*Asks:* 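Following this message is one structure expressed as structure tokens.
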Protein chains: 2
Amino acid sequence: MRPLFHPAIEDIQPQAILHALSDPRRAVIFARIRSAGCVEACSALSAMGDRIIPKSSLSSHFKVLREAGLIHCERHGVEMRNRSRCAEVESRFPGLLAAIMGAYASSIDANACRTGE
Amino acid sequence: MRPLFHPAIEDIQPQAILHALSDPRRAVIFARIRSAGCVEACSALSAMGDRIIPKSSLSSHFKVLREAGLIHCERHGVEMRNRSRCAEVESRFPGLLAAIMGAYASSIDANACRTGE
DNA sequence: TTGATTAGTTCCGAAGTTCCGAACTAAGGA
DNA sequence: TCCTTAGTTCGGAACTTCGGAACTAATCAA
């Protein structure tokens, strides 16, 4: 297993962030890591609504988030600890993550309204 | 040629916007339509830096932007008029477009700095 | 040690998406 | 009517994503 690559803050590209978060499952994963403060094992995130994301897909979603510069991953014993790089990304692209995550949150709310939840 | 589909404002999804703008060429096209106020023919946007985008690719980029709800297209005689739907998108997802386009603008500036332009 | 267990990665084929040239359509002249 | 301009659709090649099977790496118990 090769060591994990994390881009330097100045190498983070807006298109990589948009691409990473344009998949709603990755957006959910990122939202949970972001709101949980800093640490969560990958496997804790495999249940997505009513279906389970296979390990291999989860692993590649984490890779996309990591290489976009959105999260930092570190091996701790047998499991992986993931923390968001929100503060760094915020300093480079002010308001970007808040706007994106806010848009997702409001579209979920709007949907819940329409389906009467 | 089938009629052009434009999503209603309440059907616009954040993932579609992020996906549409995660391609830097589409982001440039959108930035130009957005800053040009409202109207531009598709072909006016085919020169992208030093290379030319083929018509067929341009057409599908416009389709992605249109179906994401970012632009409104209308045939006027032989050409197409495109205007941004910024105001509508802004009312649904406040701050989103400004943050995304701001991120692109600042990453281009940062790159220009590094390459000494 | 060694063997079992847990957590994640890599490989690879199938399915899906994007790219772009060629052929097409649609509107507006000459 | 035919020509030109502007854009769309088709279809095959190239690329990406998905997910099961096999793998690696750390930990623990015997």
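In what follows, chains carry the letters A, B, and so on, assigned in the order in which the sequence lines appear, proteins first and then strands, with residues in each chain numbered from 1. All values reported here derive from a predicted model rather than from experimental measurement.
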*Asks:* How long is the line joining CZ of B:Arg26 and P of C:dT17, in whole Å?
*Replies:*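 The answer, rounded to whole Å, is 13 Å.
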
*Asks:* Could I get the full list of side chain to side chain contact (heavy atoms under 4.5 Å, CB included) partners for A:Ser46, not counting sequence neighbours?
*Replies:*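 Partners of A:Ser46 under the side chain to side chain contact (heavy atoms under 4.5 Å, CB included) test: A:Ile52, A:Leu58.
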
*Asks:* Taking DNA chain C as the partner, which of residues 16-24 of chain B come within under 4.0 angstrom of it by heavy atom?
*Replies:*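 Output list: B:His19, B:Asp23.
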
*Asks:* Taking CD1 from B:Ile71 and P from D:dG7, how many angstroms apart are they, rounded to a whole number?
*Replies:*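 About 11 Å, once rounded to whole Å.
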
*Asks:* How close or far is atom P of D:dG19 from atom NZ of A:Lys63, stated in whole angstroms?
*Replies:*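 Computing the A:Lys63:NZ to D:dG19:P distance gives 17 Å.
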
*Asks:* B:Arg25: which residues meet the salt bridge (Lys or Arg N to Asp or Glu O under 4.0 Å) condition with it, sequence neighbours left out?
*Replies:*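 Counting only residues at least two positions away or on another chain, B:Arg25 forms a salt bridge (Lys or Arg N to Asp or Glu O under 4.0 Å) with B:Asp23.
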
*Asks:* Which residues pass the side chain to side chain donor-acceptor pair (under 3.5 Å) test with A:Arg85, not counting sequence neighbours?
*Replies:*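 Partners of A:Arg85 by the side chain to side chain donor-acceptor pair (under 3.5 Å) criterion, ordered by chain and then number, come out as A:Glu88.
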
*Asks:* Could you tell me whether B:Arg66 contacts a base, only the sugar-phosphate backbone, or nothing, with contacts defined as non-hydrogen atoms closer than 4.0 Å?
*Replies:*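 It contacts nothing in the nucleic acid.
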
*Asks:* Taking side chain to side chain donor-acceptor pair (under 3.5 Å) as the test, write out the residues that go with B:His61, two or more places apart.
*Replies:*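 B:His61 satisfies side chain to side chain donor-acceptor pair (under 3.5 Å) with B:Arg26 only.
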
*Asks:* Quick one: on DNA chain C, does A:Glu79 or A:Ser57 contact a more 5' nucleotide (nearest heavy atom)?
*Replies:*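 Whichever sits nearer the 5' end wins; that is A:Glu79.
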
*Asks:* Could you state the atom-to-atom distance from CG of A:Leu58 to P of D:dG19 in whole Å?
*Replies:*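 To the nearest whole Å, that distance equals 10 Å.
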
*Asks:* D:dG7 P sits how many Å from B:Phe62 CZ, rounded?
*Replies:*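 The answer, rounded to whole Å, is 8 Å.
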
*Asks:* Measure the distance from NE2 on B:His61 to C1' on C:dC19 and round it to the nearest whole Å.
*Replies:*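 Taking atom C1' of C:dC19 as the reference, NE2 of B:His61 is at 8 Å.
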
*Asks:* List in chain and number order the residues that pass side chain to side chain contact (heavy atoms under 4.5 Å, CB included) with B:Glu90, two or more places apart in sequence or in another chain; answer none if no residue qualifies.
*Replies:*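 Once residues adjacent in sequence are excluded, the partners of B:Glu90 under the side chain to side chain contact (heavy atoms under 4.5 Å, CB included) criterion are B:Pro94.
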
*Asks:* Using whole Å, report how far CE of B:Met80 lies from P of D:dT9.
*Replies:*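 So the two atoms are 9 Å apart, to the nearest Å.
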
